[in-house]
Amino acid sequence: MAGERYVDHEVLKAFAQRKVNVPKEEAKERRRQVNYLRERLEDYIAGHPDFDLVKLRASGSTAKHTAIRRRSGTGSDADVAAYLRTTDTGIEVSTMLSWLRDRCIEVYGATKEADDFKPSDHAVGITMRGSGLKIDVVPVLHTGEPDDRGYLVTSDGIKVLTSVTLHLQFIQTRKDKAAAVTGRLSGC
């Protein structure tokens, strides 16, 4: 059957670049805006020693370099884990999200409108009006354990142990293994 073309790695790669993956420059801009948010919050924390925000970590698909294009311009674009210190073991998610929203407004209040900060079931969404980027700031209860382990609290109040650092390492290991296999296959 002359002229038939099989779907091989190159065909899939081209399709992914054209239709699925976030373009390199857009991903770079997302990371720049996330880092800017992190820097502003970290500067604020440094100036407020009584602040209960321990640290921030870029997380999610943008940090993992696995982000895909948005459909219809909706959905979350980037995630930041906000590690919170608390002695309240019965903390309510709504209280945590309201507290975090108020801190984000304190940091950005002079440059953004209050409507740009919207709590959801598990995060505070911040919309960057210039680019349309939405950054979800996800509260994580800081435990002091290694590898950024902490408890993500679901909308039902269930605490789920998570680790941004271990997630990023896992994805990088998978990507490295896939690249090694792809390299071996293309050399056949």
Side-chain angles (χ1 to χ4, degrees), residues 22 26-68 70 74-109 112 116-128 131-175:
V22 172
E26 183 181 334
K28 183 178 176 181
E29 177 59 17
R30 286 182 183 187
R31 283 188 285 282
R32 186 197 65 74
Q33 287 188 323
V34 168
N35 288 334
Y36 182 72
L37 168 69
R38 288 177 51 210
E39 289 167 9
R40 289 202 57 178
L41 287 170
E42 287 167 352
D43 287 347
Y44 185 87
I45 292 165
H48 296 82
D50 58 335
F51 207 62
D52 293 323
L53 186 54
V54 177
K55 60 186 165 185
L56 298 155
R57 296 288 182 258
S59 60
S61 61
T62 298
K64 294 172 188 163
H65 299 263
T66 59
I68 59 174
R70 292 182 294 163
T74 61
S76 180
D77 291 304
D79 300 293
V80 173
Y83 285 78
L84 307 173
R85 180 181 296 116
T86 181
T87 56
D88 182 0
T89 56
I91 193 166
E92 293 292 324
V93 174
S94 61
T95 302
M96 211 159 107
L97 292 173
S98 296
W99 179 88
L100 184 57
R101 178 183 181 270
D102 292 346
R103 301 301 71 79
C104 290
I105 288 173
E106 284 177 32
V107 170
Y108 271 105
K112 298 191 70 43
D116 291 340
F117 304 90
K118 296 212 186 294
S120 66
D121 290 338
H122 66 280
V124 175
I126 303 174
T127 301
M128 304 302 178
S131 66
L133 177 70
K134 181 177 167 243
I135 301 174
D136 278 342
V137 182
V138 181
V140 177
L141 296 175
H142 178 67
T143 63
E145 293 181 47
D147 297 319
D148 294 323
R149 286 184 181 96
Y151 287 94
L152 176 71
V153 182
T154 69
S155 59
D156 297 332
I158 298 168
K159 295 176 187 166
V160 179
L161 185 62
T162 190
S163 168
V164 169
T165 299
L166 294 176
H167 289 185
L168 295 174
Q169 289 173 359
F170 173 78
I171 293 298
Q172 188 59 52
T173 299
R174 297 283 305 249
K175 287 170 70 176

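The chain is numbered in sequence order, starting from 1.
- Across all non-hydrogen atoms, the minimal contact from L152 to P139 is CD1-O, 3.8 Å.
- Interatomic distance, E42 CD to E39 CD, rounded to the nearest 0.5 Å: 7.5 Å.
- Side-chain contact between K118 and K134: absent, with no pair of heavy atoms (C-beta onward) separated by less than 4.5 Å.
- Annotation: the span from I135 atom CD1 to F117 atom CZ amounts to 10.5 Å, rounded to 0.5 Å.
- At a threshold of 4.5 Å between non-hydrogen side-chain atoms, the residues K112 and M128 count as touching.
- L84 has its side chain out of reach of V140: every pair of non-hydrogen atoms, C-beta onward, lies at least 4.5 Å apart.
- In this structure, R149 and L166 have side chains that are in contact, with non-hydrogen atoms separated by less than 4.5 Å.
- When side chains are defined from C-beta on, Y83 counts as touching V164, because their heavy atoms get closer than 4.5 Å.
- Nearest approach of P119 to L97, heavy atoms of both residues: CB-CB, 4.3 Å.
- Cation-pi check for K159 over Y151 is not met; the charged atom does not lie both under 6.0 angstrom from the ring centroid and within 45 degrees of its normal.
- To the nearest 0.5 Å, the span separating CZ on R38 from CZ on R40 amounts to 15.0 Å.
- In this structure the side chain of D136 never reaches within 4.5 angstrom of the side chain of V124, judged on heavy atoms.
- In this structure, the side chains of D148 and K55 come closer than 4.5 Å at one or more pairs of heavy atoms.
- Annotation: the span from L168 atom CG to S163 atom OG amounts to 8.0 Å, rounded to 0.5 Å.
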Review point. What's the verdict on side chain to side chain contact (heavy atoms under 4.5 Å, CB included) for L37 and V80, showing C-alpha distance, side-chain angles and the deciding distance?
Key: CA-CA 9 Å; L37 168 69; V80 173; 4.2 Å; yes

